Structures are given as C-alpha cells and as structure tokens.
Amino acid sequence: MHQVVARGKVLVEPAVGQTGLVHQLRDARAVPVAVDITDHESVRAAADQAQDVTLLINNAGLSTQADVLTADLDSFRLEFETHVLGTLAMSRAFAPVLGRNGGGAVVNVLSVLSWISITASAGYAAAKAAEWSVTNALRVALAEQGTQVTALHVSYLETELAAKVTAPKSDPAAVARATLDGVEAGLHEVLADDFSKQVQAALAVGPEALYPQLAGRPALI
C-alpha cells in the first residue's frame, strides 16, 4: 500500500467483509472506501464513489483450507465466490472507470497455487486456477480500452494468511515493489519468487514435473 501511494497511483484495494488495508495506512493521500467483494451492491457503490481510480489491485482473499476429499462443498463455494466471482465483479465494475481515466491497470494477486494444487488446500488452489483463467480473459477484453492487466504469482508471503506456515516466505514490501515495477514495465505477469518460476516452467513438462510424488519422489510443495 505504501508503495502504491508513494508512486502517486489512485488505488482501490478491496477486501472480504471488511474495509481493507487502506484504513491501516495513515496518509492523507489514502482515502478508505468500504467494499466487500462478495457483496455486489457494495462493489457497485465503491465504483460509483471512486471515479478517479487508475489502479485496481484485486488482493482480497481467504483460505478455508478445504481438503479435496473431506471438506464441505460450501468451503469450495466460498473460495470461488471470493477469488473468482469477487475479482470478476470488481474488475467489471471498475473497468469503465479505468477506461475513462486513460486505461490504467488491474493487478490480480494470484498464487503459485494457480498452477499447482495441494490436497490440503484444494479449494484455494482450484479458485486461484480459475482466477488465473479469468485474469487471462480480462487481459484480452480490456486491451482495447488500454487497460493493462497484470497477474502476480507468488508463493508464501509474510502475512497473517500464512502465519502458521513454516516454509520460506517473501517480504510483502519487496513483492509490492516488484509488482509495481512490473506494471510500469507493461508486464502481463510478475513472478515474485524462484518457486513460482520453477512451477511455471514445470507446466510445459507435464503432471510428473508438477507432482513428482506420483513417481514416488518428494512433492514440490
């Protein structure tokens, strides 16, 4: 957030059931706008209020830790309502605003789990994979009005969502800098860490490269 404001961007950073991180940034240039991306009226009202936006960051998310075999299907629905439909609703609502303001940009915060799944968080991974597909469609659909759509792929970040994770984590500030640098450079995708790059490369090889446990070797994640 500090990175965005420091670069003079007019930003909307939505949330799920709350008003987002803007409230945590004590800066006169940051104007909090209440928006819950799972509430379509809230999304519409936010777009009506924030008519000077030039950058939309779809960063709202949650993890239900929905296991592929045992989790309640409602957990999967919540993941999709948030990551897929919420991102789509925000992008649709703000596309005309961005267009009127010269095009601007949309950043969709995805995950390395857009490309690789784990059984213990299959709901999150499936939703992120679908969000990646929606991001690709938005990129093409919004190109004509000059709106850039950049996807951020990253593994674990030092955030509350990954508080219990013991694996290496990236510094959110460094990832934010890399993301904004990517937007300014016109990149369609930003791969924020080596693991994301490794997994993207494995996509071209096949399931055995992504899931070596199928051949009795240690899993990538």
Side-chain angles (χ1 to χ4, degrees), residues 13-18 20-21 36-39 57-91 107-137 150-176 178-179 189-221:
E13 185 271 341
V16 182
Q18 57 182 356
L21 297 177
D36 177 351
I37 67 169
T38 62
D39 181 334
I57 299 180
N58 284 310
N59 185 45
L62 52 77
S63 176
T64 64
Q65 296 184 325
D67 181 271
V68 69
L69 293 179
T70 63
D72 191 303
L73 290 181
D74 285 341
S75 295
F76 280 78
R77 291 189 183 95
L78 179 58
E79 296 276 10
F80 274 77
E81 284 283 346
T82 303
H83 297 288
V84 185
L85 299 181
T87 294
L88 179 58
M90 286 294 296
S91 301
V107 174
N108 287 345
V109 179
L110 303 180
S111 168
V112 70
L113 295 184
S114 307
W115 296 329
I116 186 172
S117 187
I118 54 178
T119 59
S121 288
Y124 182 87
K128 283 298 182 181
E131 188 182 1
W132 176 42
S133 180
V134 167
T135 299
N136 289 329
T150 299
L152 168 64
H153 292 272
V154 62
S155 51
Y156 295 119
L157 287 170
E158 194 68 60
T159 63
E160 183 179 346
L161 189 64
K164 296 181 180 180
V165 175
T166 58
K169 304 173 191 177
S170 297
D171 175 14
V175 173
T179 302
E189 288 187 326
V190 173
L191 278 63
D193 51 49
D194 290 339
F195 186 61
S196 294
K197 296 173 185 176
Q198 177 187 357
V199 171
Q200 187 197 52
L203 288 172
V205 180
E208 296 82 1
L210 289 168
Y211 307 101
Q213 63 267 41
L214 296 176
R217 302 190 302 273
L220 295 181
I221 186 173

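Just so it is clear, the structure is predicted and the values come from calculations on it, not from any experiment.
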Least distance between heavy atoms, [X] atom then [Y] atom:
X: Ala71; Y: Phe76; result: CB-CE1, 4.0 Å
X: Thr82; Y: Gly61; result: CG2-CA, 4.1 Å
X: Ala202; Y: Leu210; result: CB-CD2, 3.7 Å
X: His83; Y: Leu62; result: NE2-O, 2.9 Å
X: Phe195; Y: Ser155; result: CD2-CB, 4.0 Å
X: Val84; Y: Ala127; result: CG2-O, 3.4 Å

Distance, nearest 0.5 Å, that separates [atom1] of [X] from [atom2] of [Y]:
X: Thr135; Y: Leu152; atom1: OG1; atom2: CG; answer: 10.5 Å
X: Lys128; Y: Leu110; atom1: NZ; atom2: CG; answer: 5.5 Å
X: Glu79; Y: Thr64; atom1: CD; atom2: OG1; answer: 3.5 Å
X: Ser114; Y: Leu203; atom1: OG; atom2: CG; answer: 10.0 Å
X: Asn58; Y: Met90; atom1: CG; atom2: CE; answer: 6.0 Å
X: Leu78; Y: Asp72; atom1: CG; atom2: CG; answer: 10.5 Å

* Asked: Can a donor-acceptor pair be found between the side chains of Asp193 and Ser196 at a distance below 3.5 Å?
  ->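 Present: a donor and an acceptor within the cut-off.
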
* Can Glu81 and Thr38 be counted as having a side-chain donor-acceptor contact under 3.5 angstrom? ->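 Short answer, no.
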
* Asked: Taking the six-membered ring for Trp, are Trp115 and Trp132 parallel (under 30°), tilted (30 to 60°) or perpendicular (over 60°)?
  ->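 Perpendicular, since the angle between the ring planes exceeds 60°.
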
* Apply side-chain contact (heavy atoms from CB on, under 4.5 Å) to Ile221 and Leu113, showing your working. => CA-CA 10 Å; Ile221 186 173; Leu113 295 184; 4.1 Å; yes

* Asked: Any chance CD of Gln65 has more than 12 other-residue heavy atoms, nucleotides or ligands included, within less than 6.0 Å?
  -> no

* Asked: Is there a donor-acceptor contact under 3.5 Å from the side chain of Tyr211 to the main chain of Ser117?
  -> yes

* Asked: Can you list the steps and then say if Leu69 with Thr119 is a side-chain contact (heavy atoms from CB on, under 4.5 Å)?
  -> CA-CA 8 Å; Leu69 293 179; Thr119 59; over 6 Å; no

